[in-house]
There are 2 protein chains.
Amino acid sequence: MTIKDLAAKTGYAVGTVSRVLNNHPNVSEKARAAILAAVEESGFQLNQNAKQLKQSHATSILVILKGSGNILFAEMLEVIQTSLHGTRYPLHVDYLHGADNEVRRARQLIREKNALGVIFLGGNLENFQSDFADLGVPAVLVTNSAESLGFDNLSSVYIDDHAAARQAVEALIAMGHKNFAVIGGHRLYSDISRMRWEGVVEAMTAAGLTIDPELDYATVYFSPDGGYQGTMELLQRDRHFTALFTMSDLMAIGAFRALEDHNLEVPGDVSVIGYDNLSVGEFLIPRLTSVDQPTEAMARRSLQLLLDAIENGATAKHEAVPFTLVFRESTGKVKE
Amino acid sequence: MTIKDLAAKTGYAVGTVSRVLNNHPNVSEKARAAILAAVEESGFQLNQNAKQLKQSHATSILVILKGSGNILFAEMLEVIQTSLHGTRYPLHVDYLHGADNEVRRARQLIREKNALGVIFLGGNLENFQSDFADLGVPAVLVTNSAESLGFDNLSSVYIDDHAAARQAVEALIAMGHKNFAVIGGHRLYSDISRMRWEGVVEAMTAAGLTIDPELDYATVYFSPDGGYQGTMELLQRDRHFTALFTMSDLMAIGAFRALEDHNLEVPGDVSVIGYDNLSVGEFLIPRLTSVDQPTEAMARRSLQLLLDAIENGATAKHEAVPFTLVFRESTGKVKE
DNA sequence: GCATATTTTGGAAACGATTCCAATTTCCTT
DNA sequence: AAGGAAATTGGAATCGTTTCCAAAATATGC
């Protein structure tokens, strides 16, 4: 069933059918009604390939996720997907694995899928820096600030990781903690890991504390297993610490386990703070203190920035959305 | 940069360029080399819209996920995505929300995206039964057996939920448990919930046990919060039970919390068994006993079935992939 | 009712690829 | 070296839309 068939069926010309389908003015009520009825009856669906070929200008939006296991990104994707539903922007999603370079892939997909813009869910500044000559379309990097890059069509939406980590550690210091241990991603390859770590160090320095080099820090994956391994490693170094900063809630779950295996109590012996505020944190034993990433707000904002750039040519913006610290049971005053 | 430009640039005709691009035989090495070089140099990318329009036969594969929060499905999607990479099948992913009807949506997307086949990650038999006149393309339903439907282009890949639940409960009975409580999804709307529940009842009946109607069962969402609410509700009914069967690990986490809030120990007072065997289960305190769903195997198998149907016209198959029960610390002998 | 302005309609060209047929070139064979 | 078979190439037709221009129909003003 093509537009031509519809034309034949209704006695109108293809041009008229097309106009009806695209809500052009200048088509009589009679024709519109007749054609719409025929569409309804035949279950006609436009061939998007033909449409997009003709209006050679791009129409779709691309979302590129780093890894598919990340629940936060999955949630953001869902928000984006839902928001785009029923708009004139088809959505293409692509997942990057391991060491794939997001920028290079983006470039390929932009041409291939004829994209108007890209949202990167995850991704490292480094790759953008070295490979980002020009994507040719507006882009938004989520979860990382791209302000330092100064590209004028790359926006970013993020929480201020630096401040979040600092405030979290400040709160722990206020509870009497002096000895901190940290586990997170590789600071060289993961920008968010580096920023969070800097926040930790900054808070400690401001309080006149220094971080024991032996406890600073364990590099692991953002997973329960990573958290477990990292905590075990720190524990084996046999230095006293009363507070453990982990860079994700999933890591924190692994950390809980490792501490338990060493007969250490949370928060009695060690306070643990996570990051992300996954819904599961509220139900853990003990309930997990965490840095809340407002996924829905971040997703909405990133899409707004992108559409604004696409539709109105807005220039790149860099927005830190507000985060909150959620204090629960896994952190507490240090034992005397 | 179009194929025509390439032709002009290299002095060959568009037909020849197209043949090179598609690895047709019958093109001289000289031409191939020259054209490939020009492609390389110009960064030419094929316009997929034009390509797919012309080869009006469909080319892409569609994956439809029920909800985006499900980690198992996300993992399966990643496997499928990776497997399809570099093949001639572009992949389209769509997420369904809440009460969306997967079959109706599939039908629309198949036309729109020109799909050769569909994989449904999640989805209820009921919808297929009532709405599935004919999708027109092969499809695979994952996580549910569609055998009973008898459609000859709808395959399915699943674990035998019935048997898994039964075996799990048998094992618990062998540990001395007699009083079971169950929480899961709505048995009317969620096929897997019904099947798992039937497995539980069957095991109990076979052992001469009956399930206390008051403990059978709480209907909740497959989330930590659902597990928490459901367990609280059962606890409030004030009937003794020593084993709790939850239909997902996430639920089990919520159950842990609810039991803790009632000062009940796991497994001392109540044994808890989850479902899915998420990676997080191994690190919980106590480590969670669970039914393992082999996500990678299921994903691979579903794709194979689909491609086999697409490429070789294979008829629908219904495959139960082997599951395993993973016994950890959250289940134990019943206290005397 | 007639000339003119306006709205509606028909139909051809174009988007960028594939594919088929015919034309050309190359390669064998004798 | 000539003839025919095989390999390679050129170029037109085509996919299903949109969009533009011209033609037809309708509305408006006097």
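Since this is a predicted model, take the numbers as computed values, not measurements. Here is the naming used below: chain letters follow the sequence lines, and residue numbers restart at 1 for every chain. Side chains included, hydrogens not; waters and symmetry mates left out as well; all remaining heavy atoms used.
A 4.5 Å side-chain heavy-atom check between A/Ser156 and A/Val142 finds every atom pair outside the cut-off. Between B/Tyr158 and B/Gln293 the shortest side-chain heavy-atom distance does not fall below 4.5 Å. Looking at A/Asn22 and A/Val20, their side chains never come closer than 4.5 Å, going by heavy atoms from C-beta outward.
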Candidate pair B/Gln81 and A/Asp94, rule side chain to side chain donor-acceptor pair (under 3.5 Å), full reasoning: CA-CA 8 Å; B/Gln81 174 106 19; A/Asp94 198 61; 2.9 Å; yes
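Within the nucleic acid shown, B/Asn22 comes within 4.0 Å of sugar-phosphate atoms alone, with no base atom in reach, counting heavy atoms only. In this structure, A/Leu21 reaches neither bases nor backbone, as no heavy-atom distance under 4.0 Å exists between it and the strands shown.
We find that CE of A/Met1 is positioned 10 Å from P of D/dT17, with the value rounded to whole Å. Protein atom CG of B/Asp5 is 13 Å distant from nucleotide atom C1' of C/dC15, rounded to whole Å. For A/Gln52 and C/dG16, the CD to P distance is 13 Å, given to the nearest whole Å. Going from atom NZ of A/Lys4 over to atom C1' of D/dT14 covers 9 Å, rounded to whole Å. Distance A/Leu46 CG to C/dC15 C1': 15 Å, rounded to the nearest Å. Residue B/Ile3 contributes atom CD1, which lies 15 Å from atom P of D/dG11 at whole-angstrom precision. Remark: C1' of C/dT18 and CG of B/Leu53 are 10 Å apart, rounded to the nearest angstrom. Between A/Asn47 atom CG and C/dA17 atom P the separation is 16 Å, expressed in whole Å.
Other residues, nucleotides and ligands contribute more than 12 heavy atoms inside 6.0 Å of the CD atom of B/Glu311.
The side chain of A/Ala50 approaches D/dG16 more closely than any other nucleotide in the set D/dT18, C/dG16, D/dG16.
Close to C/dG16, at under 4.0 Å from its OP1 or OP2, lies no side-chain N or O of B/Thr2. Applying the 4.0 Å criterion to OP1 and OP2 of C/dT18, one finds that B/Lys51 has a side-chain N or O inside that range. Under 4.0 angstrom from either OP1 or OP2 of C/dA17 there lies no side-chain N or O belonging to B/Ser18.
Here the shortest heavy-atom pairing between B/Val137 and B/Ala115 reads CG1-O, 3.6 Å.
In the helix from C/dG1-D/dC30 to C/dT30-D/dA1, the end axes, each obtained as the rotation axis mapping the C1' atoms of four pairs onto the next four within a five-pair block, lie 30° apart to the nearest 10 degrees.
Between B/Glu102 and B/Arg105 there is no salt bridge, since none of the side-chain N atoms of the basic residue sits less than 4.0 Å from a carboxylate O of the acidic one.
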For residues 296-310 of chain B, which side-chain N or O atoms pair as donor and acceptor with protein atoms under 3.5 Å away, sequence neighbours left out?
unit_1: B/Glu296; atom_1: OE2; unit_2: B/Arg300; atom_2: NE; d: 3.2
unit_1: B/Glu296; atom_1: OE2; unit_2: B/Arg300; atom_2: NH2; d: 2.7
unit_1: B/Arg301; atom_1: NE; unit_2: B/Glu319; atom_2: OE1; d: 2.6
unit_1: B/Arg301; atom_1: NE; unit_2: B/Glu319; atom_2: OE2; d: 3.4
unit_1: B/Arg301; atom_1: NH1; unit_2: B/Gln304; atom_2: OE1; d: 2.1
unit_1: B/Arg301; atom_1: NH2; unit_2: B/Glu319; atom_2: OE2; d: 2.8
unit_1: B/Ser302; atom_1: OG; unit_2: B/Met298; atom_2: O; d: 3.2
unit_1: B/Ser302; atom_1: OG; unit_2: B/Ala299; atom_2: O; d: 2.7
unit_1: B/Asp308; atom_1: OD1; unit_2: B/Asn312; atom_2: ND2; d: 2.6

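Here the two rings, on B/Phe151 and B/Phe128, have centers that are 6.0 Å apart or farther.
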Nucleotides 6-13 of chain C: protein proximity per nucleotide (B base, S sugar-phosphate only, - neither; heavy atom, under 4.0 Å): --BBBB--
